[in-house]
Amino acid sequence: MGTVEGAEAQAEPTAEPTAAHGGRGLVGRLLIVFAVLVVAGAGVWFIGKATAPDAGPTTTEIPAMQVAAAPVRPGSVVPAKSAPDPQGGATPQAGPNSLVAWSKSVSTATGVPARALLAYGNAELVLRSAQPGCHLSWATLAGIGRIESNHGQYGGAVLGADGRPSKPIIGVPLDGSAGVRAIADTDGGVYDGDRTTDRAVGPMQFIPSTWRTWASDGNGDHSGDPQQIDDAALAAARYLCANGRDMGTPSGWWAGVFSYNNSVPYGQKVFGLADTYAKGAAAARS
C-alpha cells in the first residue's frame, strides 16, 4: 500500500562544438565525468546491497512517508516498553475488553485510537501467555499499524467499535510496476477482490498467502478476518514471534520488523513510533 513515486530529471542539451579539436576535448571530458559517476554509483549500490535485509513476505512499501525515521542503527537497541494494564489482571482469555480503561488513557497520551490500542494490547497479552520468550510489546504493533494503515484509518476509513474499518483496506495491485513487488494472485480474489495479482489487505496489510498461514482469532468470534484489527494484530504478533524470536533483544526486534518489511527506513520509523508510544503510555500511567 502506498507506492514510492520517483522523479525523472531531464538533461539540458549541450551546444555543438565549432571545431574538431574542441569536439574531441569535450568528448574526453564527458567520458571522464561518466567514468567517475559509474564508479560512484557502483559504490552506493554495493553499500545498499550490503546493508539491506532480505525481502519479507508480509508487506510491500511504506505508505506513511511523513513519519520520521529514528536516528538509530539497526540491531543496536530496542524501543522503550510499557506493559498494558488490563482490568482484573493480565489474563488473555478476558480479551480486548479487559483493556478499555487502559486504552482510553493511552489514547489520550499518544493519539492512537483507543479501539486500535485494544487490539495491540490484547495481542501482547496473548503472546505473553502463549510465547513468553518473545517479549513482544504492543507499542511495536502500534508502530507497524501506524505505518501500514494509520491504525485502520487509511484512505479515510473509520475504525468501528467492532474493530473493522468502515470500508475495506486494500493495497495497490502487486503487479511489479514502479516501486511495487510482483506477486501473482494467490487467493482467487477472496481477500483482496483481485483475481490477477495479490494486494495487501487489512489494518496490518497482510498479503493473502501470508494471511492464510498466520490467520488468527483475536476477538473470540471463532474466525480470522484480516480486516478485523484484533485478528490482524494477533496475526502480526504471531508472525513477528515466529521461530522462537525474542523481540526483547536488539537483534530479535530488528529481525522481526525487517521480516515484516525489508527496509531500513521502515524499521527506523517503526522504532521511533514504538518508542514514542511506550514513553507516552508510561507518562500517562505515572
Side-chain angles (χ1 to χ4, degrees), residues 1-11 37-38 40-67 69 74 143-157 165 167-215 224-227 231-233 235-236 238-240 242-243 254-270 273:
M1 193 167 66
T3 59
V4 179
E5 298 181 0
E8 294 183 358
Q10 184 175 3
L37 290 175
V38 168
V44 171
W45 178 88
F46 177 80
I47 292 172
K49 292 294 288 183
T51 58
D54 292 333
T58 305
T59 57
T60 53
E61 297 301 323
I62 307 174
M65 297 303 294
Q66 69 274 26
V67 175
I144 292 173
R146 167 65 181 88
I147 290 182
E148 296 299 339
S149 71
N150 193 20
H151 310 298
Q153 302 173 111
Y154 181 76
K167 56 184 179 180
I169 298 174
I170 300 176
V172 300
L174 302 179
D175 55 8
S177 57
V180 177
R181 291 169 57 193
I183 302 179
D185 176 58
T186 62
D187 67 332
V190 171
Y191 294 113
D192 57 13
D194 191 331
R195 293 176 178 269
T196 304
T197 64
D198 266 353
R199 300 174 182 233
V201 295
M204 303 303 281
Q205 286 291 275
F206 274 92
I207 291 170
S209 59
T210 309
W211 175 257
R212 283 202 304 270
T213 301
W214 298 98
D225 179 358
Q227 297 288 347
D231 295 351
R238 293 176 56 228
Y239 179 88
L240 291 167
N243 301 317
W254 287 93
V257 173
F258 282 155
S259 76
Y260 215 95
N261 189 309
N262 73 311
S263 163
V264 170
Y266 182 94
Q268 292 171 326
K269 288 170 186 277
V270 172
L273 289 164

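Every value quoted in this text rests on a predicted model; they were computed, and no experiment measured them. No hydrogens, no waters, no symmetry mates; every other heavy atom, side chains included, goes into these values.
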**Q** For the backbone of Ile170 and the side chain of Tyr191, can you confirm whether one donor and one acceptor N or O come within less than 3.5 Å of each other?
**A**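 Between the backbone of Ile170 and the side chain of Tyr191 there is no qualifying donor-acceptor contact (under 3.5 Å).
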**Q** Contact between Val201 and Trp211 at the side-chain level, heavy atoms closer than 4.5 Å - yes or no?
**A** no
**Q** Ala255: which residues meet the side-chain contact (heavy atoms from CB on, under 4.5 Å) condition with it, sequence neighbours left out?
**A** Arg245
**Q** Apply side chain to side chain donor-acceptor pair (under 3.5 Å) to Asp198 and list each qualifying residue two or more places apart in sequence or on a separate chain.
**A** Thr186
**Q** With Ala242, which residues qualify under side-chain contact (heavy atoms from CB on, under 4.5 Å), at least two apart?
**A** Trp214
**Q** Could you check whether any side-chain heavy atom of Tyr239 comes within less than 4.5 Å of a side-chain heavy atom of Thr213, counting everything from C-beta outward?
**A** no
**Q** What residues form a salt bridge (charged side-chain N to carboxylate O under 4.0 Å, His left out) with Asp187, not counting sequence neighbours?
**A** none
**Q** How long is the gap from CG on Asp192 to CD1 on Ile169, to the nearest 0.5 Å?
**A**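 It comes to 14.0 Å.
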**Q** Which residues pass the side-chain contact (heavy atoms from CB on, under 4.5 Å) test with Ala236, sequence neighbours left out?
**A** Leu141, Met204, Phe206, Tyr260
**Q** Could you check whether Ser263 and Asn261, counting side-chain N and O atoms only, form a donor-acceptor pair closer than 3.5 Å?
**A**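 Side chains of Asn261 and Ser263: no pair found under 3.5 Å.
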**Q** State, to 0.1 Å, how close Ala215 and Arg238 come at their nearest heavy-atom pair, and which atoms those are.
**A** O-NH1, 3.4 Å
**Q** Whether the side chain of Gln205 engages the backbone of Ser149 through a donor-acceptor N/O pair (distance < 3.5 Å, no angle test) should be reported.
**A**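 No, because the side chain of Gln205 does not come within donor-acceptor range (under 3.5 Å) of the backbone of Ser149.
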**Q** Could you check whether any side-chain heavy atom of Ile144 comes within less than 4.5 Å of a side-chain heavy atom of Leu240, counting everything from C-beta outward?
**A** yes
**Q** Can you sort out the partners of Asp194 under side chain to side chain donor-acceptor pair (under 3.5 Å), two or more places apart, ordered by chain and number?
**A** Thr197, Arg199
**Q** Keeping the roles fixed (side chain from Glu148, backbone from Gly145), state whether a donor-acceptor pair exists under 3.5 Å.
**A**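 It does not hold such a pair.
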**Q** Can you name the closest pair of heavy atoms from Pro203 and Ala232 and give their distance?
**A**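 Looking at all heavy atoms of both residues, the shortest contact is CD-CB, 4.4 Å.
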**Q** Given side chains that start at C-beta, do those of Asp185 and Thr196 come closer than 4.5 Å, heavy atoms only?
**A**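 In short, these two side chains do not touch, never coming nearer than 4.5 Å.
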**Q** Taking Lys167 for the side chain and Gly155 for the main chain, is one N or O donor matched with an acceptor at less than 3.5 Å?
**A**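 Such a contact is found between Lys167 side chain and Gly155 backbone.
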**Q** Report yes if the side chains of Phe258 and Pro74 come closer than 4.5 Å at any heavy-atom pair, otherwise no.
**A** yes
